[in-house]
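Before any comments, here is the structure.
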Amino acid sequence: MKYLTSILFITILLISFSSTATPPKKILIIASNIIDMGDAEKHDARNNLWEVAPPYHIFLSHGYEVDFVSPKGGRVEFMMDPLGISSYTIKYEGFLDKANNSLAPKQVITDNYWGVYIGGGYGPLFDVANNKELQLIIAKIYEANGVVGSGGHGAGSFANVTLSSGQFLVKGKRVAGFPDSTEKSKPWAKEGSLLPFLVESQLNKNGAIAQNKKTLKDKYEVVVDQRIVSTMFLPSAAHVAKEMIIVNKQ
């Protein structure tokens with residue numbers, strides 16, 4: 001009888017513990033509300049689906065809930081056709097349901113997140129990079145031992161983030177972002193002339209050791225430095241998400 005009583009007591013304790021255990025922290029994806037660059041030709045400035053959807057899938061497949069936040073909250077727009085894993089995560093994993101109901105900055109409780117990720121597309125350079133509320137969110141998550149990740153132009157979103165010390169987040173860290181040389185050779189933003197700043201230049205201006213094609217060995221390389229995980233290459237966005245998870249568990 002004592003044995004059965006002990007077993008029952010332990011079972012109750014386990015059930016009680018499981019019901020009150022703190023759920024794993026979530027991931028926050030920052031996206032832009034911008035559609036075009038505001039010029040007469042309306043150059044595309046939406047978020048790049050291929051740099052946001054694959055990381056979203058990776059985070060979900062590892063058991064993490066994902067929230068979106070944008071400067072205005074609500075719907076965010078994407079460029080690129082939904083191919084491969086992007087198509088899968090839209091159809092089966094609620095990607096657009098989440099993205100189209102993004103939080104406003106004031107709704108974000110930073111303690112709920114172990115990391116923040118920002119993908120590419122030009123939009124974030126226009127409405128995320130200097131949004132004080134979003135910059136503070138990134139800083140708070142990082143200073144709480146969180147991980148910051150980016151793909152392509154996404155690094156420009158936190159190039160201006162300052163920590164509580166007054167120092168730039170990127171200072172002294174290797175960070176990969178869309179390179180100036182490529183920007184100036186492409187018509188997507190009129191050789192960069194439509195942009196508020198060039199990502200590589202802004203990273204270097206604020207003390208980062210910006211990485212480019214000369215310093216990276218191939219287009220799949222991901223740079224990890226002091227809990228900042230970044231890539232300048234579109235095919236490696238999913239790799240960034242995986243590396244963020246690895247860093248978080250260290």
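Keep in mind that what you see is a predicted model, and the values were worked out from it rather than measured. The figures that follow rest on heavy atoms only: side chains count, while hydrogens, waters and symmetry mates do not.
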Check this for me: does any side-chain nitrogen of one of K26 and D67 sit under 4.0 Å from a carboxylate oxygen of the other?
yes

Under the 3.5 angstrom rule, does the side chain of T215 hit a backbone N or O of Q211 as a donor-acceptor pair?
no

Below 4.5 Å, heavy atoms only, C-beta onward: do S70 and S32 meet side chain to side chain?
no

Please round to the nearest 0.5 Å and tell me the distance separating atom CD of Q202 and atom CG of L198.
9.0 Å

Do Y64 and W114 have ring centres separated by under 6.0 Å?
yes

Going from CG on L234 to CG on L49, what distance comes out if it is rounded to the nearest 0.5 angstrom?
9.5 Å

Check V66 against F59 and note the closest heavy-atom contact, atom names and distance.
CG2-CB, 3.7 Å

pair Y142-L163: side-chain heavy atoms closer than 4.5 Å:
yes

Would you check, one step at a time, whether the test side-chain hydrogen bond (donor to acceptor under 3.5 Å, both in side chains) holds for S102 with K72?
CA-CA 9 Å; S102 68; K72 297 179 180 178; over 6 Å; no

Any donor-acceptor N or O pair under 3.5 Å, side chains N47, Y122
no

Hey, are the side chains of V223 and V175 touching, using non-hydrogen atoms and a 4.5 Å cut-off?
no

Please check if the side chain of T231 supplies one atom and the backbone of E221 the other of a donor-acceptor pair under 3.5 Å.
yes

Are any side-chain N or O atoms of R227 and backbone N or O atoms of G146, one a donor and one an acceptor, separated by less than 3.5 Å?
yes

Decide side-chain contact (heavy atoms from CB on, under 4.5 Å) for K98 and Y56; before the verdict, give the C-alpha distance in whole Å, the side-chain angles of both, and the deciding distance to 0.1 Å.
CA-CA 10 Å; K98 280 282 190 176; Y56 175 90; 3.7 Å; yes

Show me the donor-acceptor pairs, under 3.5 Å and distance only, between side chains in residues 237-250 and residues at least two apart or in other chains.
from: K242; atom 1: NZ; to: H62; atom 2: NE2; distance (Å): 3.1

Side-chain donor or acceptor of E51 paired with backbone N/O of G120 under 3.5 Å:
yes

Hey, can you tell me if F95 and F68 have their rings parallel, tilted or perpendicular (30° and 60° cut-offs)?
perpendicular

For I58, does its backbone N or O pair with a side-chain atom of S61 as donor and acceptor, under 3.5 Å?
yes

Minimum heavy-atom distance P54-S86, with the two atoms named
CD-OG, 3.9 Å

Under 3.5 Å: donor-acceptor pair, side chain of D225, backbone of R174:
yes

If we ignore hydrogens and angles and just use 3.5 Å, is the side chain of K173 paired with the main-chain N or O of I209 as donor and acceptor?
no

Hey, does the side chain of R46 reach the backbone of F78 with a donor-acceptor pair shorter than 3.5 angstrom?
yes

pair N212-S181: side-chain heavy atoms closer than 4.5 Å
no

Can we say E200 and K184 salt-bridge, meaning some charged N sits less than 4.0 Å from an Asp/Glu carboxylate O?
no

Between CE of M80 and CG of N48, what distance do you get to the nearest 0.5 Å?
5.0 Å

Check the pair S193, E191 against side-chain contact (heavy atoms from CB on, under 4.5 Å), reporting the backbone distance first and the verdict last.
CA-CA 6 Å; S193 64; E191 292 72 43; 5.5 Å; no

Under 4.5 Å between any side-chain heavy atoms of I30 and V116, yes or no?
yes

Hey, what do you get for CD1 (I138) to CG (L169), rounding to the nearest 0.5 Å?
8.0 Å

Can you measure from CD1 (I109) to NZ (K140) and round to the nearest 0.5 angstrom?
11.0 Å

Test of understanding: clusters of I, L, V, M, F, W, Y form through side-chain heavy atoms closer than 4.5 Å, transitively. Do F233 and V199 belong to the same one?
no

Check: N131 and D127 side chains under 4.5 Å, non-hydrogen atoms:
no

Within one Ile-Leu-Val-Met-Phe-Trp-Tyr cluster: V76 and V52, side-chain cutoff 4.5 Å:
yes

Under the criterion side-chain contact (heavy atoms from CB on, under 4.5 Å), I'd like the reasoning laid out for D44 against D36: C-alpha separation, chi angles, the key distance, then a yes or no.
CA-CA 5 Å; D44 201 340; D36 62 67; over 6 Å; no

Are H57 and E93 close enough that some pair of their side-chain heavy atoms sits under 4.5 Å apart?
yes

Specify the closest pair of heavy atoms between P71 and L134, including all atoms of both residues, with the distance to one decimal.
CG-CD1, 3.7 Å

What is the minimum heavy-atom distance between N33 and G73, and which atoms define it?
ND2-O, 3.6 Å

Evaluate the salt bridge (charged side-chain N to carboxylate O under 4.0 Å, His left out) criterion for residues E41 and K190: first the C-alpha distance (whole Å), next the side-chain angles of each, then the deciding distance (0.1 Å), finally the verdict.
CA-CA 10 Å; E41 293 86 7; K190 284 191 174 181; 3.5 Å; yes

Less than 4.0 Å between a side-chain N and a carboxylate O, is that true for K25 and E65?
no

Exercise: identify the closest heavy-atom pair between I137 and P105
CD1-O, 3.7 Å

Does the E143 side chain pair with the main chain of I141, one donor and one acceptor, at a distance under 3.5 Å?
no

Where Y113 and I27 come nearest, the two heavy atoms and their spacing:
CD2-C, 3.6 Å

For residues N160 and Q135, is any side-chain donor paired with an opposing acceptor at under 3.5 Å?
no

Under the side-chain contact (heavy atoms from CB on, under 4.5 Å) criterion, do K42 and I35 qualify, and how do the steps go?
CA-CA 8 Å; K42 294 188 180 298; I35 295 176; over 6 Å; no

If hydrophobic clusters are built from ILVMFWY residues whose side chains come within less than 4.5 Å, do F178 and L216 share one?
no

Within one Ile-Leu-Val-Met-Phe-Trp-Tyr cluster: V69 and V147, side-chain cutoff 4.5 Å
no

Gap separating the NE2 atom of H153 from the CH2 atom of W188, nearest 0.5 angstrom:
7.5 Å

Kindly work out whether a path of hydrophobic side-chain contacts (I/L/V/M/F/W/Y, heavy atoms less than 4.5 Å apart) joins L136 to V161.
no

Without swapping roles, check the side chain of D180 against the backbone of E183 for a donor-acceptor pair under 3.5 Å.
no

Check whether any side-chain heavy atom of F158 sits under 4.5 Å from a side-chain heavy atom of V170, and report yes or no.
yes

For atom CG of L83, decide whether the heavy atoms of other residues, nucleotides or ligands shown that lie under 6.0 angstrom number more than 12.
yes

